[in-house]
Amino acid sequence: MSIVLNLVSRNRSWIMSDGRAIGANQSENIQKFRVIHPLLCIGFTGTLEYARAVLDAFSKAVPPNEILSIEPSSDLICQISATLMKKTHTRAQFLVTGISKEGCLGTITISSDNTRKYLLPSAESLSFAQLGNPFHLDFGKYLSKHRIGATDLDTMIEKSLAHMVQDISTVDETVNRNTYFHVLRLPKKTRIPFLFE
């Protein structure tokens, strides 16, 4: 099943995945997100071959110089996935994080049946999303633990997410402790004031 975790504010989006892939391309070091452009990243869990087929079709459909927001990106992923579903019984889930039509950062999760959930944080809050393992932990507890002595926000969140992945790996054999981390940031000229900054 694997795991992808995402924390998003109006100015930044932090994404982390574990590295385990089970199946035809078994590996302990597979990054489960793809950075499409500096303001768009797509994470995935489920069948690796299915997810890669969807993302490859997505990349071919979008001109290289075009910057899509999360809303049309999720529309395109759902269209591609719906077509692929007719050809195979395998499935994947997707997490689209980046710039929204509102001009701030947000996240949309897409379940294996193409059901979408929109997460657009307010100026005073963070939104948290998890793909994969149904074992949900309280991110706030991890953040509180790593807040003490933290010198920068990105490091604090990376440590918190990594700690969550480690704990989930103890109850789910499809998740390992090898983590991949990425941060999306709005350019400073378009930044929106946020609680932690």
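Since we're looking at a predicted model, the values are computed, not measured. These numbers come from the heavy atoms of this one structure, side chains and all, not from hydrogens, waters or symmetry mates.
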Would you tell me whether T45 and Q93 have side-chain atoms, one donor and one acceptor, within less than 3.5 Å of each other? yes

Apply side-chain contact (heavy atoms from CB on, under 4.5 Å) to N114 and list each qualifying residue two or more places apart in sequence or on a separate chain. C78, S81, A82, M85, I110

Are I80 and V96 connected into the same hydrophobic cluster when the rule is that any two of I, L, V, M, F, W, Y join if their side-chain heavy atoms are below 4.5 Å apart? yes

To the closest 0.5 Å, what do you measure between CZ (R34) and CG (L40)? 11.5 Å

L186 and I99: CA distance, side-chain angles, deciding distance, side chain to side chain contact (heavy atoms under 4.5 Å, CB included) verdict: CA-CA 8 Å; L186 276 181; I99 191 78; 3.3 Å; yes

With a 4.0 Å cut-off, would you call K141 and D167 a salt bridge? no

Hydrogens and angles aside, do N178 and E28 bring a side-chain donor and acceptor to less than 3.5 Å of each other? no

May I ask you to decide whether D113 forms a salt bridge with R91, counting only side-chain N to carboxylate O separations under 4.0 Å? no

Measuring from atom NE2 of H37 to atom CD1 of I67, what distance do you get when rounded to the nearest 0.5 angstrom? 5.5 Å

Whether the K32 and S2 side chains hold a donor-acceptor pair (N or O, under 3.5 Å, no angle test) is what I'd like checked. yes

Nearest-0.5 Å distance that lies between atom CG in L184 and atom CZ in R12: 11.5 Å

Is the closest side-chain donor-acceptor distance between E71 and S69 under 3.5 Å? yes

How long is the straight-line distance from CD1 of I22 back to OG of S27, given to the nearest 0.5 Å? 11.0 Å

Hydrogens and angles aside, do S13 and T97 bring a side-chain donor and acceptor to less than 3.5 Å of each other? yes

Quick one, L95 with I42, criterion side chain to side chain contact (heavy atoms under 4.5 Å, CB included). Give me CA distance, side-chain angles, the key distance, then yes/no. CA-CA 6 Å; L95 183 146; I42 302 174; over 6 Å; no

How are the rings of Y142 and H163 set to each other: parallel, tilted or perpendicular (split at 30° and 60°)? perpendicular

Using a strict threshold of under 4.0 Å (side-chain N to carboxylate O), is an ion pair present between D172 and R20? no

Test item: side-chain donor near acceptor, D56 and S59, under 3.5 Å: no

Can D18 and R177 be counted as an ion pair, charged N to O under 4.0 angstrom? no

Is it the case that the side chains of N6 and W14 hold a donor-acceptor pair, with the cut-off being a distance below 3.5 Å and no angle test? no

Taking atom CG of N29 and atom OH of Y180, what is their separation to the nearest 0.5 Å? 4.0 Å

May I ask you to test the E66-L68 pair for a side-chain heavy-atom distance under 4.5 Å? yes

